[in-house]
Structure formats: structure tokens, C-alpha cells
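Here's the structure, in C-alpha cells; my notes come after.
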Amino acid sequence: MIQRKSSYLPFLRGVGQIMLQNNAWTGVLFLAGIFYDSIIMGAAALLAVITGTLTARLLKYDEADIDAGLYGFSPTLVGVALTFYFNPVPVVWIAVVVGSVAAAMLQHFFIKRKLPGFTFPFILVTWILLYLFHHVFAPGAAVDVVGSMPVKDDFTLATHGFGEVIFQGSVIAGIIFFIAVFVNSPIAALYGVCASLLGAFISLECSEPAPDIHMGLFSFNAVLCAIAFSGNKPRDGIWVLFSVVLSVFIDVWMLQMHMAVLTFPFVAASWITLIVQYLLQKAGLKIKE
């Protein structure tokens with residue numbers, strides 16, 4: 001008897017791939033955390049991941065990549081970002097759809113060339129849309145999503161590092177996101193917690209504003225770097241540390257320049273780390289286990 005693949009799994013995996021997890025249950029939990037904080041953002045995430053994934057299907061991209069959710073995570077972030085920054089007026093929903101299509105097509109550019117694009121398609125599309133909505137047509141700022149629990153201790157600080165990856169500010173959403181990563185990769189989740197705290201410590205030493213630090217604004221890119229380079233070998237920890245520290249300094253610099261940070265520090269730090277790894281390998285050098 002031939003078993004048919006569940007048609008909804010690529011959509012869920014697409015959401016899970018936001019934190020590099022090829023797991024449908026991770027995607028379900030991410031959606032739960034987003035909907036917990038904002039029904040509008042949750043709806044935008046669903047619309048975006050469906051749009052991005054269907055775009056890949058219509059353009060006949062590789063089915064294995066589609067099934068793994070590789071065309072869903074950047075569109076999902078575009079959808080959440082636009083409804084985070086702006087009022088959900090019709091033009092914003094149109095932008096979610098158009099931006100999701102563009103993000104999926106840009107993702108294909110990297111995948112086809114076997115380049116590690118990470119979330120750069122989301123970043124580029126969102127930067128363009130932010131510029132247009134700030135300088136061409138202003139739909140108005142969205143209402144802030146405020147967490148209902150205190151943010152003054154190390155525990156809540158660590159959870160905010162996870163939550164802010166997908167623009168969520170509540171402790172509950174952060175906990176759900178941590179669990180979502182943990183169910184697929186415990187080591188990645190635990191590295192993420194350490195990275196979140198390290199990002200906060202470094203930014204504190206750089207004299208960044210305490211409220212921003214507590215909300216995880218200097219931690220979420222560090223969390224992504226830790227997840228990206230996590231592994232069971234001691235040398236993996238070295239690359240996690242290198243990429244995390246680098247991402248925090250890039251984060252601090254971009255915020256000081258009043259730039260829309262998004263996940264660019266994660267992408268830039270990951271690219272640099274991969275280049276360093278490649279150069280060491282070419283030079284015949286190898287970090288011992």
C-alpha cells in the first residue's frame with residue numbers, strides 16, 4: 001500500500017526552519033507561541049508560509065527542499081515582521097503575500113547555488129518593504145506586543161532570546177520556542193540558552209540600555225548562531241562561541257547606527273564563521289575534537 005505524504009507537513013517544517021529545525025512539531029509550537037502573543041501575527045505567519053511554499057511548488061522547485069520546509073521560513077519571518085511593525089491594513093497583507101513570494105524566490109537563488117543563505121532573503125525583502133512603508137506609503141505603526149510577566153532575571157532574559165527570534169516579547173512565547181527547539185535538538189536548545197545569556201552579558205559590558213538587553217534584543221541573533229553551529233563535539237562549542245560573540249558585536253554596531261537589525265547579525269556572523277572554517281581547512285589546520 002502506497003502511503004501519501006501529509007500535505008501540511010512542508011508548511012509546518014517551514015515554520016520550524018526559522019530556527020533551523022526540520023521538524024513539524026517544532027513548527028506547530030512556534031505557531032502556538034506566535035498566536036499566544038498575537039493572533040494577527042499568527043495569521044500572517046500562516047499566510048506567509050503557505051504563500052512561500054506554494055510559490056516553490058508552482059515554480060517546480062525541488063520537492064525534497066520544499067518538503068524540508070526550506071521555502072517557508074523566510075516568508076514566515078516576512079509575514080510576522082510586517083505585522084509586528086505596521087498596522088494590519090489591507091496594503092500590509094498584500095505586502096505579506098508579495099514579500100513571501102519574493103523571499104521564496106530569493107531563497108531558491110541560494111539553494112540552487114548551494115550557498116548558505118540562512119534568513120538573508122527575509123532580511124533583504126523586509127528591508128525593502130520597511131523603506132517603502134516608511135518613505136512611500138505609511139500604514140501606521142502596529143500596537144506593541146507586551147509580555148505579561150516580569151523581565152528582570154536571568155531566566156526570563158534567556159527566554160526572551162528565543163522569543164525575539166520571531167518578534168515575540170512574552171516569556172511564555174519564549175518558553176514555547178525553547179521547548180520547540182528542544183524537542184528536535186536538545187543540544188541546540190541548551191546552546192541557545194547559553195548564547196542568550198552571553199549576548200546579554202556582552203551587550204551589558206558595551207553599556208547598552210538595560211531594557212533592550214532584558215528584552216533579548218542583543219540575544220536572539222546569538223541564539224540563532226548557537227543553534228546553527230551546535231553539535232556534540234567540543235570543537236562545535238568553539239565555533240558557537242566565535243559566531244555568538246561576533247553576532248553580538250555586529251548587533252551592537254547596527255543598533256548604534258539606528259539600522260533595522262532583524263537577523264542580519266546572525267547571517268553575517270555565520271557567513272564569516274563558515275569562511276574562517278573553510279580557510280582553516282584549506283590551510284590544513286583542524287581544531288581537535
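A donor-acceptor pair under 3.5 Å is formed between the side chain of S170 and the backbone N or O of A173. Judged purely by atom type and a 3.5 angstrom limit, Q107 has no side-chain atom pairing as donor or acceptor with the backbone of T119. Between the S196 side chain and the V193 main chain, no donor and acceptor come within less than 3.5 Å of each other. Formation of a donor-acceptor pair under 3.5 Å by the D37 side chain with backbone atoms of G169 is found in this model. In this structure, N23 contributes its side chain and S185 its backbone to no donor-acceptor pair below 3.5 Å. S270 places a side-chain N or O within donor-acceptor distance of the main-chain N or O of F266, the cut-off being under 3.5 Å. Judged by distance alone, with hydrogens and angles left aside, the side-chain atoms of S247 form a donor-acceptor pair with the main-chain N or O of V244 at under 3.5 Å. Checked by atom type and distance alone, the side chain of Q17 pairs as donor or acceptor with a backbone atom of A68 at under 3.5 Å. Side-chain atoms of N87 do not come within 3.5 Å of backbone N or O of V89 as any donor-acceptor pair. Between the side chain of S243 and the backbone N or O of T273 there is no donor-acceptor pair closer than 3.5 Å.
Under a hydrophobic clustering in which Ile, Leu, Val, Met, Phe, Trp and Tyr are joined whenever their side-chain heavy atoms come within less than 4.5 Å, directly or via other members, I50 and L58 fall into different clusters. When hydrophobic clusters are built by joining Ile, Leu, Val, Met, Phe, Trp and Tyr residues whose side-chain heavy atoms come closer than 4.5 Å, directly or via intermediates, L255 is grouped together with M257. Hydrophobic clustering, with ILVMFWY side chains joined whenever heavy atoms are under 4.5 angstrom apart, keeps V98 apart from I128.
Around the CH2 atom of W25, the shell of radius 6.0 Å holds no more than 12 heavy atoms that belong to other residues, nucleotides or ligands. Annotation: M254, atom CE; neighbour count of heavy atoms from other residues, nucleotides and ligands within 6.0 Å is above 12.
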**Message:** Working note: H134 + F86, criterion ring-ring contact (aromatic ring centres under 6.0 Å, His included); need CA distance, chi angles, decisive distance, verdict.
**Reply:** CA-CA 10 Å; H134 281 133; F86 304 109; 5.5 Å; yes
**Item:** Derivation of the ring-ring contact (aromatic ring centres under 6.0 Å, His included) call for F177 and F30
**Value:** CA-CA 6 Å; F177 293 169; F30 282 170; 5.3 Å; yes
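Between F182 and F178, the two ring planes are tilted [angle within 30° to 60°]. In this pair, F120 and W271 present their aromatic rings tilted. The plane angle is within the 30 to 60° band.
Here H160 and F218 keep their ring centres 6.0 angstrom or further from each other.
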List the atom pairs, donor and acceptor, that lie under 3.5 Å between side-chain atoms in residues 197-211 and the rest of the protein, sequence neighbours left out.
residue : atom : partner : partner atom : Å
S203    : OG   : G199    : O            : 2.9
S203    : OG   : A200    : O            : 2.9
E208    : OE2  : Q256    : NE2          : 3.1

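The ring pair (Phe, Tyr, Trp, His ring centres under 6.0 Å) search around H258 returns none, not counting sequence neighbours.
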